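Take a look at the structure set out below.
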Amino acid sequence: MPTIQKSYAPNARIVPTSKADDPSEAENPYGWGFKDTEFQALDNGNIVLTGNRYNISGIEMPRLLGWMGGQLAMPLRWNDVAEVRPVLPSAPREAAGFLKSLSGVLAPDQIATDPETRLRGGHGHTGEEIYHLFFNRIARVPDMVVFPQDHEQVVAIVRAAAEHGVCLIPYGGGTNVTSALACPENEERPICSVNMQRMNRISWIDPVNRTAEIQAGAMGRKIMAELAEHGFTMGHEPDSVEFSTLGGWIATHASGMKKNRYGNIEDIVLDMTVVTPDGTLSHHSVVPRESIGTDVRKWIFGSEGMLGIVTSAVVKLFPRPGVQRYGSIIFPGFEKGAAFLYDVALSGLVPASVRLLDNTQFHFGQALKPAAVGLAKVKSAVEKFVLERVKGFHLDRLAVVTLVYEGTAAEVAMQERNCATLAKRHGGMQAGPENGERGYSLTFGIAYIRDLVFRHHMMAESFETSVPWSAVVELFARVKARAHKEHAARGLPGKPFITGRVTQIYATGVCCYFYMGFYAKGVEHAAETYLEIERAVRAEILACGGSLSHHHGIGKIRDVFLKDIQSPAALTWLKKTKVALDPKNIFGAQNLGLSADALARAANGEGRV
Ligand SMILES: Cc1cc2nc3c(=O)[nH]c(=O)nc-3n(C[C@H](O)[C@H](O)[C@H](O)COP(=O)(O)OP(=O)(O)OC[C@H]3O[C@@H](n4cnc5c(N)ncnc54)[C@H](O)[C@@H]3O)c2cc1C
């Protein structure tokens with residue numbers, strides 16, 4: 001145990017040695033995730049996830065396509081596949097003065113203008129963006145991509161952009177699902193994507209005060225692995241943790257799956273350094289809490305690349321949990337599961353992660369299993385018999401809770417006992433740690449399914465919200481009903497796919513996360529149609545008392561609703577802040593409703609009472 005005195009000695013800090021990138025971790029330039037991993041349809045109709053990274057990798061799944069087709073009431077055939085044909089962008093706009101002024105600052109390999117790099121810089125992972133990438137074309141992409149290696153280089157890039165009239169878009173991992181990286185088609189200036197991925201080091205770890213300074217372009221998987229070597233975690237684990245970055249988490253106001261134990265990103269970040277058009281925001285010390293008037297660093301959470309570039313942040317560290325265990329509980333229906341979650345949230349003994357899957361997601365998980373043979377077949381038949389005949393559950397109604405417990409042995413034991421007692425109260429049946437672990441880890445493999453179903457003529461995407469406890473059950477019912485209504489109103493083929501889960505719990509409410517999709521073969525403008533339906537469903541969510549977003553953010557796909565959730569004065573503050581802090585609109589991605597038009601109106605005094 002370190003002594004208190006040590007905390008005052010700067011040399012108590014550890015400076016981890018930086019590790020070279022592992023070439024086996026190359027990313028797929030035209031889809032989700034690692035290059036070696038994708039869902040493929042085999043000639044026998046089975047689906048397999050290639051590679052060996054995930055708990056479902058290498059397993060033949062005989063039921064997946066059939067099950068998904070059943071959900072859509074349209075056949076998905078293994079050999080009926082749309083051709084993916086990404087279109088590379090045409091020549092970039094000239095930015096000779098900008099590039100010349102950077103030539104003394106950046107090495108030649110820190111500037112890219114090739115079409116592939118520019119194309120990747122021009123999108124995140126919004127369903128609409130990927131659909132266009134696969135089957136149409138991305139309308140506008142950055143004219144160049146720069147790869148700064150330190151804070152001073154970022155300062156030089158922002159200065160050069162101001163001087164030469166270039167629009168900058170900061171780029172972390174490119175995993176956002178709000179079209180936040182999409183280049184505005186009406187932007188007349190050259191656009192430069194500032195890719196932060198070479199600023200990926202942990203600068204120091206302070207084991208005494210439990211903090212670390214990390215460069216903003218570091219990806220979650222690297223942060224996790226390097227902190228683990230020193231016995232720590234920062235505890236932030238969004239489902240995109242493998243590929244998203246610290247800077248992206250801050251700029252999108254992200255939330256991790258273990259937030260119950262470690263907090264959301266704003267709870268974990270203690271300090272940050274940000275390059276803005278007015279200079280660098282930085283702070284003289286890192287302390288547990290301060291009362292210093294309005295803390296401008298807080299404005300950067302959720303700023304979506306519109307105010308500056310985060311170059312590093314100081315985060316809290318937690319000791320790696322001594323014990324990690326999983327659990328799963330089956331409930332007779334979604335309502336019972338939600339009632340269980342409510343009791344857990346108020347009990348004060350909340351596991352690191354608690355998720356409630358609706359019935360469709362339970363069956364989705366089953367469809368990702370291999371064919372049961374031999375003993376496994378007998379076991380699964382027995383389990384089904386016990387579930388239905390002995391315990392009286394209905395397979396078409398039950399809901400499942402997965403749990404991740406982390407902490408000391410005593411903490412975990414207490415939480416497990418608490419959950420077991422509360423589960424009984426709501427008719428829950430323990431379904432074992434293996435199912436809990438499988439369910440929790442499945443999320444990382446499932447992220448690759450979107451690319452498979454797109455190839456098999458399905459348009460689909462996820463969306464999320466947060467609601468008070470009193471609205472949870474109603475929200476699920478209304479979202480599903482509205483999705484069906486909008487699908488029917490457009491005469492789309494078959495049935496919509498709509499399923500949801502509760503992913504995070506608070507004392508005051510929950511975060512709900514949905515997948516929605518439809519069969520898109522022959523549907524003109526499928527991506528735009530999806531967006532229309534999602535907007536209608538979002539209106540339903542707002543009518544139900546839900547939020548515009550719990551963690552994905554606004555980007556360019558939800559800005560139309562800002563006027564419904566903020567007062568005119570609040571929106572005026574936002575626009576005027578932007579105009580005052582970035583008068584040349586260097587950070588011109590046009591997220592958060594900050595279009596060039598809106599900013600011009602704000603600059604002319606619009607909104608003043
Ligand atoms: C499969 C999948 C699962 C996901 N799961 C979750 C989840 O569990 N929780 C969650 O919160 N989100 C989740 N997301 C959404 C996404 O991963 C987050 O929004 C994430 O925080 C984005 O980080 P990024 O580094 O990829 O940022 P990017 O996508 O590169 O950028 C997002 C925004 O941040 C800005 N930005 C990026 N870096 C900086 C910087 N250094 N300085 C200033 N601005 C910057 C960009 O300009 C852009 O506006 C998921 C997405 C996918 C595809």
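All values derive from a computational prediction rather than experimental measurement.
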Passes salt bridge (charged side-chain N to carboxylate O under 4.0 Å, His left out), Glu242 versus Lys222? Steps please. CA-CA 8 Å; Glu242 296 164 291; Lys222 183 178 160 95; over 6 Å; no
Could you tell me if Asn264 and Ser255 have a donor-acceptor pair between their side chains, going purely by distance under 3.5 Å? yes
Do the side chain of Thr233 and the main chain of Gly235 share a donor and acceptor less than 3.5 angstrom apart? yes
Can a salt bridge be assigned to the pair Arg320 and Glu229 using a cut-off of 4.0 Å between side-chain N and carboxylate O? no
Is there a side-chain contact between Pro148 and Met196 in this structure, where contact means two heavy atoms from C-beta onward sitting under 4.5 Å apart? yes
Do Gln504 side-chain atoms and Gly256 backbone N/O form a donor-acceptor pair below 3.5 Å? yes
Between CG on residue Asp295 and CZ on residue Arg289, distance to nearest 0.5 Å: 10.5 Å
CE/Met234 to CG/Leu246 distance, rounded to the nearest 0.5 angstrom? 5.5 Å
Should His551 and Thr252 count as side-chain neighbours, where that means a heavy-atom distance under 4.5 Å? no
Can you list the steps and then say if Arg297 with Glu290 is a salt bridge (charged side-chain N to carboxylate O under 4.0 Å, His left out)? CA-CA 12 Å; Arg297 290 169 298 183; Glu290 289 167 283; 3.1 Å; yes
Inspect the contact between Arg558 and Glu534 and indicate whether a charged nitrogen and a carboxylate oxygen are less than 4.0 angstrom apart. yes
Taking atom CD1 of Ile541 and atom CZ of Phe561, what is their separation to the nearest 0.5 Å? 9.0 Å
Is the NZ or CZ atom of Arg53 positioned over Phe34's six-membered ring, under 6.0 angstrom from the centre and within 45° of the axis? yes
Is a side-chain donor-acceptor pair under 3.5 Å present for Glu528 with His132? yes
Would you say the side chain of Leu49 lies within less than 4.5 Å of the side chain of Tyr54, judging by non-hydrogen atoms? yes
We want to know whether Gln590 and Asp559 form a side-chain donor-acceptor pair, criterion being a heavy-atom distance below 3.5 angstrom. no
Does the Lys575 side chain pair with the main chain of Leu599, one donor and one acceptor, at a distance under 3.5 Å? no
Under 4.5 Å between any side-chain heavy atoms of Val310 and Val275, yes or no? no
Hey, is the main chain of Gly248 close enough, under 3.5 Å, to the side chain of Thr245 for a donor-acceptor pair? yes
Show the numbers, then the answer: is there a ring-ring contact (aromatic ring centres under 6.0 Å, His included) between Phe463 and Phe514? CA-CA 5 Å; Phe463 57 89; Phe514 296 91; 5.3 Å; yes
With a 4.5 Å limit on heavy-atom distance, are the side chains of Phe98 and Met144 in contact? yes
Charged N-O contact under 4.0 Å between Asp109 and Arg198: yes
Short side-chain to backbone donor-acceptor contact, Thr211 and Lys316, under 3.5 Å: no
Give a yes or no on whether the backbone of Gly124 and the side-chain of Glu129 come within a donor-acceptor separation of less than 3.5 Å. yes
For His283 and Thr273, which I'm curious about, is there any donor-acceptor pair between the side chains at under 3.5 Å? no
Is it the case that the side chain of Asp143 and the backbone of Arg93 share a donor-acceptor pair, with hydrogens and angles ignored and the cut-off at 3.5 Å? yes
Could you tell me whether a side-chain N or O of Glu304 sits under 3.5 Å from a main-chain N or O of Gly555, the two making a donor and an acceptor? yes
Got a sec: does the CG of Asp22 have more than 12 other heavy atoms crowding it under 6.0 Å? yes
Does the side-chain contact (heavy atoms from CB on, under 4.5 Å) test come out yes or no for Val194 and Ile169, once each step is laid out? CA-CA 6 Å; Val194 184; Ile169 302 186; over 6 Å; no
Write down the atom of Ala527, the atom of Glu128, and the distance for their closest heavy-atom approach. CB-CG, 3.8 Å
Side chains of Val146 and Cys192: closer than 4.5 Å at any heavy-atom pair? yes
Could you go through the ring-ring contact (aromatic ring centres under 6.0 Å, His included) check for Phe232 and Phe318 one step at a time? CA-CA 6 Å; Phe232 289 110; Phe318 304 85; 9.4 Å; no
Please name the pair of heavy atoms, one in Leu317 and one in Ile205, separated by the smallest distance, quoted to 0.1 Å. CD1-CG2, 3.7 Å
Side chains of Arg221 and Val241: does their closest heavy-atom pair fall under 4.5 Å? no
Between the side chains of Ser466 and Ser547, does any donor sit under 3.5 Å from an acceptor? yes
Mind running side chain to side chain donor-acceptor pair (under 3.5 Å) on His525 and Glu532 for me, showing each step along the way? CA-CA 11 Å; His525 309 304; Glu532 265 177 43; over 6 Å; no
Take the angle between the ring planes of Tyr513 and His552 and call it parallel below 30°, perpendicular above 60°, tilted in between. perpendicular
For residues Gln153 and Gln110, is any side-chain donor paired with an opposing acceptor at under 3.5 Å? yes
Do Asp451 and Val84 have side chains that approach each other closer than 4.5 Å (heavy atoms only, starting at C-beta)? no
Between Ser549 and His253, is the side chain to side chain donor-acceptor pair (under 3.5 Å) condition met? List the steps. CA-CA 10 Å; Ser549 170; His253 222 159; over 6 Å; no
Give the C-alpha distance, both sets of side-chain angles, the deciding distance and a yes or no for side chain to side chain donor-acceptor pair (under 3.5 Å) between His125 and Arg450. CA-CA 10 Å; His125 273 277; Arg450 180 207 54 205; 3.1 Å; yes
Flag, side chain of Lys258 to backbone of Ser353, donor-acceptor distance under 3.5 Å: no
In terms of heavy-atom contacts, Ser193 and Pro142 come closest through CB-CG, 3.7 Å
Reported SG-to-CD distance for the pair Cys167 and Glu187, which is rounded to 0.5 angstrom: 4.5 Å
Indicate whether any N or O donor in one side chain lies under 3.5 Å from an N or O acceptor in the other, for Tyr171 and Arg120. yes
Got a sec: does the CZ of Arg140 have more than 12 other heavy atoms crowding it under 6.0 Å? yes
Determine yes or no for a side-chain-to-main-chain donor-acceptor pair under 3.5 angstrom, with Glu464 supplying the side chain and His550 the backbone. yes
So which atom in Ala603 and which in Val579 form the shortest heavy-atom distance, rounded to 0.1 Å? CB-CG1, 3.9 Å
In terms of side-chain heavy atoms, does Trp299 have a donor or acceptor partner in Thr577 at a distance below 3.5 Å? no
What are the two closest non-hydrogen atoms of Ala180 and Asn591, and how far apart are they? O-ND2, 3.0 Å
side-chain contact (heavy atoms from CB on, under 4.5 Å) between Thr280 and Val155, intermediate numbers included: CA-CA 8 Å; Thr280 295; Val155 172; 4.1 Å; yes
Quick check on Asp267: does its CG atom have over 12 non-hydrogen neighbours (other residues, nucleotides or ligands) under 6.0 Å away? yes
What's the shortest heavy-atom distance between Pro277 and Phe587, and which atoms? CD-CE1, 3.7 Å
Would Thr276 and Leu307 count as a side-chain contact (heavy atoms from CB on, under 4.5 Å) if you check the C-alpha gap in whole Å, the side-chain angles of each, and the deciding distance to 0.1 Å? CA-CA 6 Å; Thr276 78; Leu307 293 178; 5.9 Å; no
